[in-house]
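Single-structure report; data block below.
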Amino acid sequence: MNFVNNHILSVSQFDLPAINQVFSVADRMVPYVNRQRVTRVLEGCILGNMFFEPSTRTRVSFGCAFNLLGGEVRETTEVRASAIVKGESFYDTARVLSGYSDVIVMRHKIEGSVEEFASASRVPVLNGGDGANEHPSQALLDLYTIRKEMAGQGKGIDNLRIALIGDLRYGRAVHSLCKLLTLYSNVHFTLISPPELSLGDEYISAMRGAGHKVVESMDLYAGISHADILYVTRTQEERFPTREEADLYRGLFRLNQSIYTEYCEPNTVIMHPLPRDSRDDANELDSDLNENPNLAIFRQTDNGVLIRMALFALILNVENQIEDTARDVNWHTRRSSESGGTP
Ligand code: NCD
């Protein structure tokens, strides 16, 4: 896979060497994310961070990743703040914004919108999530997290046992993650969802076709009992025809510390792309898990910055120059003296 000046629209573009390349660049970003070193390698470069759908961590971490490489960020949030609401086409918006930016991240609620936008863009475009379709950078950071968490237990990604829980129909993070995991060997997938929110047949056929074991279930307790990773998701209420329909599925599968203690193996890792829905009628991942050392949700969000820095460095072809402009930081925050933080 050639990253230089190319769009990242789908995880289907990746093979194992490309994934490993992203991960090894991400590993090198730790001193910058930990605020020990600064680099100015993207000085003068502008990111157009175009989020036409709600986002907190994806938008901010893409922006933060770009800033940490020395670049500037220009941002639009929500459709109503952009000319798309006046009827402007993706073609025109892309032509205009790519004149102002050197790379663009775009999120939009319509499946395929980012690809359409990218085809008119004069600069590389990264898919920050297109409707229920894909979320490539999330899947890469999830896979990077899985790899690190499993390495801590002396395991790899091959032979992984993962339970994916919740809205597997509309969850784009799940879609992209399943595609990436399909590239590995002998993964055991347990898909826990109501039948109406099950993972699409195209994903399941590809997973089975590549030799992986796929079990579909509605039994949360049995499904989580022999897993290395629990990947919990939110009911994607914004993708349902009506709010009332989404309400039918909210809170069906809830994980808390006592369920974890009773049913999970001692080192089972808990992941979630976030945001977790903490309202009483959902509470899919109870806050009583916050002190559980196997709760990896904030390690995921920290890892997201490393992965997004690596993607920018590879696409903008500065991967070999990052250290050239690097020096120690002049300042210290409490964060930089904490040993925990990003691994
Ligand atoms: C996910 C998304 O937007 O697809 N969140 C994220 O980007 N971290 C999942 C979600 O919104 O539930």
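Worth saying up front: this structure is predicted, and the values here are computed from it rather than measured. Just follow the structure's listing: the first ligand is 1, and inside any ligand the first atom is 1.
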Would you say P273 touches ligand 1, if touching means a heavy atom closer than 4.0 Å? yes

For ligand 1, is S55 a contact, meaning one of its heavy atoms is under 4.0 Å away? no

Taking only Lys NZ, Arg NE, NH1 and NH2, and the carboxylate oxygens of Asp or Glu, determine whether E134 and R107 approach each other closer than 4.0 Å. no

Do ligand 1 and E238 have nitrogen or oxygen atoms that lie under 3.5 Å from each other? no

Record the part of E237 in heavy-atom contact with ligand 1 below 4.0 Å; permitted values are side chain, backbone, both and neither. neither

Heavy atom of the protein closest to atom 4 (O) of ligand 1 (residue, atom name, distance): R172 NE, 2.7 Å

When distances are taken from atom 7 (O) of ligand 1, the protein heavy atom at minimum range is H135 NE2, 2.7 Å

Distance-only donor-acceptor check, side chains T145 and N303, under 3.5 Å: yes

Contact with ligand 1 for E53, non-hydrogen, under 4.0 angstrom: no

From the list N292, D286, D288, side-chain hydrogen bond (donor to acceptor under 3.5 Å, both in side chains) partner of Q257 resolves to N292

Atom CD of E149 and atom CG of D142: how far apart are they, to the nearest 0.5 Å? 11.0 Å

For Q236, the atoms of ligand 1 under 4.0 Å from one of its heavy atoms are 10 (C), 12 (O)

Any chance the side chains of H7 and Q13 put a donor and an acceptor closer than 3.5 Å? no

Can you tell me which portion of T233 lies within the under-4.0 Å heavy-atom range of ligand 1? Options are side chain, backbone, both, or neither. neither

No-hydrogen, no-angle side-chain donor-acceptor test under 3.5 Å, N294 and Y260: yes

Cluster question for you: counting only ILVMFWY and a side-chain heavy-atom cut-off of under 4.5 Å, with indirect links fine, are I259 and L295 together? yes

